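Values in this document were obtained by computation on a predicted structure and should not be read as measured data.
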Amino acid sequence: QVQLVESGGGLVQPGGSLRLSCAASGSIFRINDMDWYRQAPGKQRELVAAITSAGSTNYADNVKGRFTISRDNAKNTVYLQMNSLNAEDTAVYYCNANILSGWPPRWHDYWGQGTQVTVSS
């Protein structure tokens, strides 16, 4: 069974930085896009950043220039480096990935458990 495990969340002051990690494990044959979403209290879940298997990236407008998504295909891991954090970045951050796994091999969309990021002084 495939799992996505996130880590790196926590409490940080405005202007600070955090680096989130999400590692996929299990009987994995291939991973296509890997994405980061976030959901703040009372708001809908939104796409923060995405990266393809080849390394192409895109970002939400309100994080461009501050956040960087990257991946290590050998480790089946995606990262989100978050700089210049502000209160609007406070949310639960979720990793998402489309993964080919199991037998017969099947594509499935997986979600991590979420990691809390709180920006407060």
Side-chain angles (χ1 to χ4, degrees):
Q1 184 69 53
V2 171
Q3 290 189 83
L4 298 181
V5 179
E6 297 152 321
S7 62
L11 176 65
V12 64
Q13 292 184 335
S17 299
L18 285 173
R19 189 186 192 222
L20 307 183
S21 299
C22 174
S25 62
S27 299
I28 297 171
F29 296 104
R30 184 174 177 177
I31 304 177
N32 278 339
D33 292 3
M34 303 185 82
D35 315 309
W36 286 99
Y37 290 76
R38 68 185 181 187
Q39 188 166 24
K43 295 185 177 181
Q44 294 184 348
R45 188 171 299 185
E46 64 174 345
L47 179 66
V48 176
I51 185 168
T52 70
S53 60
S56 297
T57 61
N58 70 276
Y59 300 90
D61 287 341
N62 55 6
V63 307
K64 286 181 179 178
R66 300 189 298 121
F67 290 10
T68 302
I69 188 170
S70 61
R71 65 191 287 168
D72 185 336
N73 290 333
K75 296 181 178 179
N76 291 330
T77 299
V78 63
Y79 306 94
L80 186 67
Q81 178 67 47
M82 305 185 294
N83 300 324
S84 301
L85 287 163
N86 56 60
E88 289 78 16
D89 298 314
T90 295
V92 178
Y93 284 71
Y94 297 92
C95 176
N96 173 266
N98 191 238
I99 299 174
L100 181 65
S101 65
W103 191 260
R106 296 175 181 177
W107 288 101
H108 188 78
D109 200 47
Y110 290 91
W111 290 88
Q113 81 283 1
T115 185
Q116 177 70 49
V117 172
T118 302
V119 184
S120 177
S121 58

Going by the disulfide bond (SG atoms under 2.5 Å apart) test, which pairs reach into [range], not counting sequence neighbours?
range          : result
residues 26-60 : none
residues 8-79  : Cys22-Cys95
residues 25-71 : none
residues 27-84 : none

Results of side chain to side chain donor-acceptor pair (under 3.5 Å) for [X] - residues two or more places apart only:
X      : result
Thr118 : Gln116
Ser53  : none
Arg38  : Glu46, Asp89, Tyr93

| Which residue pairs pass the side chain to side chain donor-acceptor pair (under 3.5 Å) test with at least one member in residues 1-25, sequence neighbours excluded? | Ser17-Asn83
| note | Those residues at least two apart in sequence (or on a different chain) that pass ring pair (Phe, Tyr, Trp, His ring centres under 6.0 Å) with Tyr37 are Trp111
| Who pairs with Tyr110 by ring pair (Phe, Tyr, Trp, His ring centres under 6.0 Å), at least two apart in sequence or on another chain? | His108
| query | To which residues is Leu11 joined in a hydrophobic cluster, defined by side-chain heavy-atom contacts under 4.5 Å among Ile, Leu, Val, Met, Phe, Trp and Tyr, whether direct or through other members? | reply | none
| Under a single-linkage rule joining Ile, Leu, Val, Met, Phe, Trp and Tyr whose side-chain heavy atoms are separated by less than 4.5 Å, which residues share a cluster with Trp103? | none
Of all heavy-atom pairs between [X] and [Y], which one has the smallest distance, and what is that distance?
X     : Y      : answer
Pro14 : Ser121 : CD-N, 3.7 Å
Ser27 : Ser101 : O-CB, 3.0 Å
Ile69 : Thr57  : CG2-CG2, 3.6 Å

With heavy-atom distances below 4.5 Å as the criterion, would you say the side chains of [X] and [Y] are in contact?
X     : Y     : answer
Ile51 : Tyr59 : no
Val78 : Ile31 : no
Asp35 : Tyr94 : no
Met82 : Val12 : no

Reported [atom1]-to-[atom2] distance for the pair [X] and [Y], which is rounded to 0.5 angstrom:
X     : Y     : atom1 : atom2 : value
Asn96 : Leu47 : CG    : CG    : 8.5 Å
Lys64 : Asn62 : NZ    : CG    : 10.0 Å
Ile99 : Asp33 : CD1   : CG    : 11.5 Å
Met34 : Thr52 : CE    : OG1   : 11.5 Å
Asp72 : Tyr79 : CG    : OH    : 5.0 Å

| remark: Exactly one candidate in Leu20, Val92, Thr90 meets side-chain contact (heavy atoms from CB on, under 4.5 Å) with Val117; the answer is Leu20
| query | More than 12 heavy atoms of other residues, nucleotides or ligands under 6.0 Å from CZ of Arg30: is that the case? | reply | no
